[in-house]
Number of protein chains: 2
Amino acid sequence: MRLTTKGRYAVTAMLDLALHGEKGPVNLGDISSRQHISLSYLEQLFAKLRRQELVSSVRGPGGGYLLGRSGAEIYVAQIVDAVNESVDATGCNGSTDCQHGEICLTHHLWCDLSDQIHGFLNGISLASLIQRREIQTISARQDKRYRDERISVTEIEDAHAAF
Amino acid sequence: MRLTTKGRYAVTAMLDLALHGEKGPVNLGDISSRQHISLSYLEQLFAKLRRQELVSSVRGPGGGYLLGRSGAEIYVAQIVDAVNESVDATGCNGSTDCQHGEICLTHHLWCDLSDQIHGFLNGISLASLIQRREIQTISARQDKRYRDERISVTEIEDAHAAF
DNA sequence: CTTAATCCCGACTAAATTACTGGGTTAAAT
DNA sequence: ATTTAACCCAGTAATTTAGTCGGGATTAAG
């Protein structure tokens, strides 16, 4: 189980997809600009996500990506594993080439831990992440709503004011 | 929270230390040969572990490293953080430079998750890892003990037999 | 039918990180 | 003194990350 910035990008992109994909496919250009990840890098990540059927694609204009299944059925561990295409690589692969005794003992302790981390992330779905945050921010969004209605006008003024 | 092979090496080394350090300091050469990590790399890792007071050192012959405190008080998250000297680097550092609305939302979702992972690993101590595995393997080790007594003879025969 | 939007694909590359090598020095035990 | 270790630091090979580029293939819309 590895957890690098690559996995973070993948999880972030999937969260973006879960948040915006309810009413049709989301194109990578939008995710790229919202999440500040280069388009080509996203393409690489989504190729791997698609191979694991975590997303499905729609080609042509108006196309993009959709979650491969419900957000409640997509777990963080699956996303991380998909982009890391984990070749296991725990040093002593599997169990056969371990030397006798001590060496293996510490190694197995690591494996135990790694399994625990994996199990933990296998219990966190996209839906659960979103729901938690939604509850926390729902009042804030309600407070902000009347301002968002006028943002198409004010954001131009804001942009000017920034210079 | 990053979890790379570097962190794995550090946790593995600390587990080795916890297992062998009860009767005096353990030198890095021993850890190096038991865990197959280069000596110099271990030196780098232990310099960082020492700065965080996760280990203490004894110089000179017979010297080596000891756990900085009880294994029950050393948590996996602390070890991983020590060697990654995590400069946070979550893209949007802290919270101030986040743009309004959507961009920040997904980012916060990642932060939530990252906090959860961190919290999880902050609940796993070296002692708890060792105890769990020790219980599982204690009978196996007892069974093997009489064979280990003669291993200095038989391992040469085994090596020959392998060819 | 043509165009434009989009996914798809592979090869290349720059930057960062990991893992290691090799050169020392310092402290302590024999 | 000599030896055994921790300490320290500069360099560097290998790997991974992140991105660029240049092309396809597919399909909706005009």
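Order of the sequence lines fixes the chain letters, A, B, ..., with proteins taken first and strands second; residue numbering starts at 1 for each chain. Keep in mind it's a predicted model, so treat the numbers as computed, not measured.
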Should the pair Y41(B) and Y9(B) be assigned to parallel (<30°), tilted (30 to 60°) or perpendicular (>60°) ring geometry?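 If you compare the ring of Y41(B) with that of Y9(B), the planes turn out perpendicular.
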Is there a side chain to side chain contact (heavy atoms under 4.5 Å, CB included) between M1(A) and D81(A) once you walk through the steps? CA-CA 7 Å; M1(A) 191 72 204; D81(A) 283 344; 4.0 Å; yes
Count the heavy atoms belonging to other residues, nucleotides or ligands that lie under 6.0 Å from CD of E53(B), then report whether that count exceeds 12.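 Atom CD in E53(B) is not packed in, count stays at 12 or less.
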Exceeds 12 heavy-atom contacts within 6.0 angstrom, atom CD of E22(A):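 At most 12 heavy atoms, drawn from other residues, nucleotides or ligands, come within 6.0 Å of this atom.
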Among [options], which nucleotide sits nearest the side chain of [X]?
X      : options                   : result
N27(B) : dA6(D), dT17(C), dC7(C)   : dA6(D)
S38(B) : dC20(C), dG19(D), dC8(C)  : dC20(C)
Y9(A)  : dA18(D), dA6(D), dC7(C)   : dA18(D)
P61(B) : dG24(D), dA28(C), dA6(D)  : dA28(C)
Y41(A) : dG19(D), dT6(C), dC8(D)   : dG19(D)
R59(A) : dT18(C), dA10(D), dG24(D) : dG24(D)
Q44(A) : dG19(D), dT18(C), dC7(D)  : dG19(D)

Send over the distance from [X] [atom1] to [N] [atom2], rounded to a whole Å.
X      : N       : atom1 : atom2 : answer
Y65(A) : dC8(C)  : OH    : C1'   : 7 Å
R51(A) : dC7(C)  : CZ    : P     : 16 Å
L3(A)  : dT16(D) : CG    : P     : 16 Å
I37(A) : dG19(D) : CD1   : C1'   : 12 Å
L28(B) : dC20(C) : CG    : C1'   : 15 Å
K48(A) : dT16(D) : NZ    : C1'   : 10 Å
L42(B) : dT18(C) : CG    : P     : 15 Å
L45(B) : dC20(C) : CG    : P     : 10 Å

Name the nucleic acid region contacted by [X], choosing base, sugar-phosphate or nothing; use a 4.0 angstrom heavy-atom cut-off, strictly under.
X      : value
S40(B) : base
G64(A) : sugar-phosphate
F46(A) : nothing

Strictly below 4.0 Å: does [X] bring a side-chain N or O up to OP1 or OP2 of [N]?
X      : N       : result
R50(B) : dA6(D)  : no
R8(B)  : dA19(C) : no
T4(B)  : dT17(C) : no
S57(B) : dA5(D)  : no
R2(A)  : dT18(C) : no

Taking the nucleotide of DNA chain C with the nearest heavy atom to each, does G60(B) or V26(A) sit closer to the 5' end?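 That would be V26(A).
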Using only heavy-atom distances, decide whether a donor-acceptor pair under 3.5 angstrom links the side-chain of E43(B) to the base of dC8(D).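 Looking at the base of dC8(D), it does pair with a donor or acceptor on the side chain of E43(B) (distance under 3.5 Å).
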Decide whether L49(A) and I74(A) are clustered together by the hydrophobic rule: side chain heavy atoms of Ile, Leu, Val, Met, Phe, Trp, Tyr closer than 4.5 Å, transitively.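 As far as the 4.5 Å side-chain criterion goes, I74(A) and L49(A) are connected within one cluster.
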Donor-acceptor check, side chain of S32(A) to backbone of I37(A), threshold 3.5 angstrom: yes or no?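 Indeed, once roles are kept as given, a pair shorter than 3.5 Å links the two residues.
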